[in-house]
Q: 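Take this structure first; my questions come after.
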Amino acid sequence: MNKFTVNNKTYNAKEFDFDLVCDLEEMDIQISTIKNKPMALARAYFALCVGGDKHYAGQEMQKHILNGGDFDELMDVMNDEMEKSDFFQALSKTEDAEVAASQTAEKEEK
C-alpha cells in the first residue's frame, strides 16, 4: 500500500475506485478536468485519505508548504494510484473518447 507524509504524519493512499471517484465528484472534482485543477485534486484526494473535509485538508497542506514541504510525494502517490487502477483507467479512456467526439463535432459545425 502506498503511503505519503504531510506535516510529519504518514497517511495511507486510497485506491482510485468507483467510490473514490464519486467522492471526488461530490467535492466538485470531475475526471474530465483533473488535469486542469491539480491543486484542487490534491486537496480533495488528501481530504479523502485523511477522512476530513477539503477545508481541513487545505489547512494541513498550507501548513506543510509553509514549513518547507512540497506536494511531490502526495502527487506521486496519487498518480501511482491512478495508473494502477483498472477502474480509473477504463473511466479515463471513456472520458477521453467523449471529449474527442465532442471536439470533432464542434469542428464539423464550424
Side-chain angles (χ1 to χ4, degrees):
M1 173 175 281
N2 279 325
K3 296 180 182 292
F4 62 92
T5 304
V6 173
N7 292 328
N8 297 316
K9 295 179 187 173
T10 302
Y11 300 98
N12 291 325
K14 286 201 170 256
E15 177 184 356
F16 269 78
D17 59 9
F18 180 76
D19 286 332
L20 184 109
V21 171
C22 289
D23 290 342
L24 288 172
E25 286 182 350
E26 288 175 357
M27 298 173 95
D28 296 323
I29 304 297
Q30 306 301 317
I31 298 304
S32 60
T33 63
I34 61 173
K35 294 176 185 171
N36 300 330
K37 298 181 179 183
M39 297 304 277
L41 172 62
R43 179 179 70 167
Y45 182 74
F46 178 63
L48 294 172
C49 289
V50 303
D53 65 21
K54 64 184 180 181
H55 300 293
Y56 168 79
Q59 291 171 348
E60 288 299 304
M61 293 172 80
Q62 181 170 312
K63 286 179 197 172
H64 185 67
I65 291 296
L66 292 174
N67 289 323
D70 59 43
F71 299 136
D72 292 347
E73 184 181 14
L74 171 61
M75 298 301 268
D76 288 346
V77 165
M78 186 174 60
N79 287 328
D80 185 53
E81 291 297 328
M82 284 185 224
E83 287 176 18
K84 71 182 186 182
S85 168
D86 292 337
F87 172 76
F88 185 78
Q89 292 302 318
L91 186 61
S92 294
K93 285 179 187 174
T94 301
E95 286 285 332
D96 290 345
E98 289 174 4
V99 168
S102 174
Q103 290 173 346
T104 300
E106 287 176 16
K107 286 180 184 177
E108 290 174 356
E109 289 176 3
K110 291 180 181 180

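Because the structure is predicted, anything quoted here is derived from the model rather than measured.
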Q: Could you check whether atom NZ of Lys84 has more than 12 heavy atoms from other residues, nucleotides or ligands sitting under 6.0 Å from it?
A: yes

Q: Just how far is it from atom SG of Cys49 to atom CG of Asn12, taken to the nearest 0.5 Å?
A: 8.0 Å

Q: For the atom pair CG (Asp86) and CG (Leu91), what is the distance rounded to the nearest 0.5 Å?
A: 12.5 Å

Q: State, to 0.1 Å, how close Ala44 and Ile29 come at their nearest heavy-atom pair, and which atoms those are.
A: CB-CG1, 3.8 Å

Q: So, do Lys9 and Val50 sit near enough that their side-chain heavy atoms are less than 4.5 Å apart?
A: no

Q: Any idea how His64 and Phe71 line up, ring-wise: parallel (<30°), tilted (30 to 60°), or perpendicular (>60°)?
A: parallel

Q: Any side-chain heavy-atom pair from Leu20 and Phe88 closer than 4.5 angstrom?
A: no

Q: I need the minimum non-hydrogen distance between Leu74 and Met61, along with the two atoms involved.
A: CD2-CE, 3.8 Å

Q: So, for Ala42 and Met75, which heavy atoms are closest and what is the spacing to 0.1 Å?
A: CB-SD, 3.7 Å

Q: Any side-chain heavy atom of Phe87 within less than 4.5 Å of one from Val21?
A: yes

Q: Are Ile65 and Gln62 packed together at the side-chain level, in the sense that at least one heavy-atom pair is separated by less than 4.5 angstrom?
A: no

Q: Quick one: are Leu41 and Met82 in side-chain contact, heavy atoms under 4.5 Å?
A: yes

Q: For atom CG of Asn8, is the number of surrounding heavy atoms from other residues, nucleotides or ligands below 6.0 Å larger than 12?
A: no

Q: Indicate the atoms forming the closest heavy-atom contact of Phe16 with Leu24, along with that distance.
A: CE2-CD1, 3.7 Å

Q: Are the side chain of Glu73 and the backbone N or O of Thr5 linked by a donor-acceptor pair below 3.5 Å?
A: yes

Q: Which pair of non-hydrogen atoms, one from Lys54 and one from Arg43, has the smallest distance, and what is that distance?
A: O-CD, 3.2 Å

Q: Is there a side-chain contact between Met78 and Ile34, using heavy atoms and a 4.5 Å cut-off?
A: no

Q: Give the ring-plane orientation class for Phe4 versus Tyr45, where under 30° counts as parallel, over 60° as perpendicular and anything between as tilted.
A: tilted

Q: For a quick test of reading the model, state the closest non-hydrogen atom pair linking Glu83 to Gln89 and the distance between them.
A: CA-NE2, 3.3 Å

Q: Nearest 0.5 Å, please: how far is CG in Leu48 from CG in Asp23?
A: 5.0 Å

Q: Decide if atom CG of Asn67 counts as having more than 12 heavy atoms of other residues, nucleotides or ligands within a radius under 6.0 Å.
A: yes

